Colleague: 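Following this message is one structure expressed as C-alpha cells.
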Amino acid sequence: MNTDTILVVEDEPAIREMIVTTLEMAGYECLQAEEVSEAHGLVVDHRPALILLDWMLTGSLSGIDLCRRLKKDELLSEIPIIMLTARGEEDNKVQGLDAGADDYITKPFSTRELVSRIKAVLRRSNALSGEKPLQAEGLSLDPVSQRVSADGIAVEIGPTEYRLLAFFMSHPERAYTRTQLLDQVWGGNVYVEDRTIDVHIRRLRKVLEPYSYAGFIQTVRGTGYRFSTNV
C-alpha cells in the first residue's frame, strides 16, 4: 500500500470523485480542492507528495496560474504536478511543461493510465530529489534548496531547465537522444515533439552563458546531447 498523499484540484465534482475513488483504491490518501486559493492552502498545510491539477478551474485563476505560483516558491517547488485538461493541442502541452508541470494528461483518460502516470512521476521525482549536491567545476546544483550557482553566484533558472540540468549533472559524460531526454526528464507519456528538447537546451545554454558554462551542454551529432566538463 502507498502512503503518499495526493492533492486533487478539479472543479467538476463527478470527475473529482472518480479520481479520488481511483486513487484511494490504489492505496493513496487524497486531499481535494476545486479552486486555486483552497488548493494553495492545502499545499502549504499538508505538503502532498503530488498534485493532480486541472487546467481550467472555477474563479479568476487557472491551474496554470497555480502551477507557476508553486514552482516559484522555493519551499513548494519540489512537489511534482500533473496537469489534467481537455486541451490536447501541442502548444498547450508545451505551455504546461514550461510552467513547471511534470506531466500532462488529456481528458478523457483511463484510471489505469492515471495511476501509471502518478507512479512514474513519483519515481522520477524521487530520483531527481536526492539530497547530495551536484558539482561540475564551478557549477553547483543543490537538490534540497533547488538552487543553482556558478562560481558562488546564484543562477536564475526556470523549473524545466532546472530539471534538465539536474538530470544532466547526475548523468555526466553520456550521450542521450532527444527521445531519451523527454522520457527521463518529462516522462514517456508526454507527447510533444523532439524539437521541444532543442528549445529547452537553448534556454539552458542561455542561462549558463554569462558564467561560461554553456559549453558543458554539448551537441552530439547524430545522437542528441550530453553534459561534459571536457569542453
Side-chain angles (χ1 to χ4, degrees), residues 1-12 15-57 61-85 93 95-131 143-146 158-160 162-164 166-167 182-191:
M1 296 288 285
N2 299 293
T3 57
D4 291 325
T5 298
I6 297 175
L7 171 60
V8 181
V9 188
E10 167 63 64
D11 61 355
E12 295 186 36
I15 296 178
R16 190 171 67 247
E17 183 178 350
M18 179 273 291
I19 292 173
V20 169
T21 300
T22 296
L23 297 182
E24 288 179 344
M25 289 179 64
Y28 295 100
E29 295 182 2
C30 292
L31 299 169
Q32 303 180 47
E34 61 180 28
E35 49 84 29
V36 168
S37 61
E38 180 186 13
H40 186 265
L42 288 172
V43 173
V44 171
D45 291 341
H46 297 278
R47 304 294 175 89
L50 182 142
I51 303 169
L52 287 176
L53 178 59
D54 189 39
W55 183 300
M56 300 298 293
L57 295 171
L61 297 177
S62 69
I64 284 290
D65 294 323
L66 177 59
C67 184
R68 292 195 180 105
R69 180 179 179 182
L70 293 175
K71 293 303 180 180
K72 289 179 180 178
D73 188 328
E74 64 180 36
L75 297 177
L76 305 173
S77 61
E78 77 280 2
I79 301 174
I81 296 173
I82 299 179
M83 297 296 300
L84 302 174
T85 178
K93 294 181 180 181
Q95 185 180 353
L97 296 173
D98 282 348
D102 297 81
D103 204 348
Y104 191 110
I105 303 180
T106 303
K107 301 174 184 176
F109 49 83
S110 71
T111 55
R112 286 185 62 187
E113 177 189 16
L114 177 63
V115 173
S116 176
R117 295 285 193 94
I118 288 171
K119 289 179 179 178
V121 168
L122 287 173
R123 282 197 302 269
R124 290 198 305 275
S125 176
N126 291 335
L128 290 176
S129 62
E131 296 188 356
V144 176
S145 64
Q146 296 207 348
T160 303
Y162 172 86
R163 292 204 304 271
L164 187 58
F167 177 76
L182 283 170
D183 288 347
Q184 294 294 327
V185 179
W186 287 275
N189 292 315
V190 178
Y191 301 111

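Just so you know, these numbers come straight off a predicted model, no measurement behind them.
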Colleague: Does some side-chain heavy atom of L52 sit less than 4.5 Å from a side-chain heavy atom of I118?
Modeller: yes
Colleague: Any Lys/Arg nitrogen of D102 or K71 sitting under 4.0 Å from an Asp/Glu carboxylate oxygen of the other?
Modeller: yes
Colleague: Can you list the steps and then say if L57 with D65 is a side-chain contact (heavy atoms from CB on, under 4.5 Å)?
Modeller: CA-CA 10 Å; L57 295 171; D65 294 323; over 6 Å; no
Colleague: Kindly compute the distance separating OG (S62) from CZ (R68), expressed to the nearest 0.5 Å.
Modeller: 7.0 Å
Colleague: Could you walk me through whether Q32 and V20 pass side-chain contact (heavy atoms from CB on, under 4.5 Å), step by step?
Modeller: CA-CA 8 Å; Q32 303 180 47; V20 169; 3.7 Å; yes
Colleague: May I ask you to check whether over 12 heavy atoms, not counting those of R69, lie within 6.0 Å of atom CZ?
Modeller: no
Colleague: Do the side chains of L66 and L61 get nearer than 4.5 Å, heavy atoms only?
Modeller: no
Colleague: Within a strict 4.5 Å, meaning less than it, do heavy atoms of the M83 and I105 side chains meet?
Modeller: no
Colleague: Of all heavy-atom pairs between L122 and A49, which one has the smallest distance, and what is that distance?
Modeller: CD2-O, 3.6 Å
Colleague: Can you tell me how far the CD atom of E17 sits from the CD atom of E10, to the nearest 0.5 Å?
Modeller: 12.0 Å
Colleague: Strictly by modelled atom types, are E35 and S37 linked by a side-chain donor-acceptor pair under 3.5 Å?
Modeller: yes
Colleague: Any carboxylate oxygen within less than 4.0 angstrom of a Lys/Arg side-chain nitrogen, looking at R16 and D11?
Modeller: no
Colleague: What are the two closest heavy atoms between Y104 and T106, and how far apart are they?
Modeller: CE2-OG1, 3.6 Å
Colleague: Which heavy atom of A101 sits nearest a heavy atom of C67, and at what distance?
Modeller: N-SG, 3.7 Å
Colleague: L23 versus I19: any side-chain heavy-atom pair under 4.5 Å?
Modeller: yes
Colleague: Quick one: does M25's side chain get under 4.5 Å of V115's, heavy atoms only?
Modeller: no
Colleague: Rounded to the nearest 0.5 Å, what separates atom CG in L7 from atom CD in E29?
Modeller: 13.0 Å
Colleague: Does E113 come within less than 4.0 Å of R117, counting only side-chain N to carboxylate O?
Modeller: yes
Colleague: I need the I6 CD1 to T22 OG1 distance, nearest 0.5 Å.
Modeller: 11.0 Å
Colleague: Taking C-beta and beyond as the side chain, do L50 and Y28 meet within less than 4.5 Å on heavy atoms?
Modeller: no
Colleague: Please tell me if the side chains of I79 and P48 come closer than 4.5 Å, counting only heavy atoms from C-beta onward.
Modeller: yes
Colleague: Taking only residues two or more places apart in sequence, or in another chain, which ones meet E34 in a side-chain hydrogen bond (donor to acceptor under 3.5 Å, both in side chains)?
Modeller: none
Colleague: Check the pair C30, E24 against side-chain contact (heavy atoms from CB on, under 4.5 Å), reporting the backbone distance first and the verdict last.
Modeller: CA-CA 7 Å; C30 292; E24 288 179 344; 4.1 Å; yes
Colleague: So, applying side chain to side chain contact (heavy atoms under 4.5 Å, CB included) with L53, which one of V8, L70, V9, T85 is it?
Modeller: V9
Colleague: With heavy-atom distances below 4.5 Å as the criterion, would you say the side chains of W55 and L84 are in contact?
Modeller: no
Colleague: Can you tell me how far the CG atom of L42 sits from the OG1 atom of T5, to the nearest 0.5 Å?
Modeller: 11.0 Å
Colleague: Could you walk me through whether L114 and I82 pass the side-chain contact (heavy atoms from CB on, under 4.5 Å) test, one step at a time?
Modeller: CA-CA 10 Å; L114 177 63; I82 299 179; 5.8 Å; no
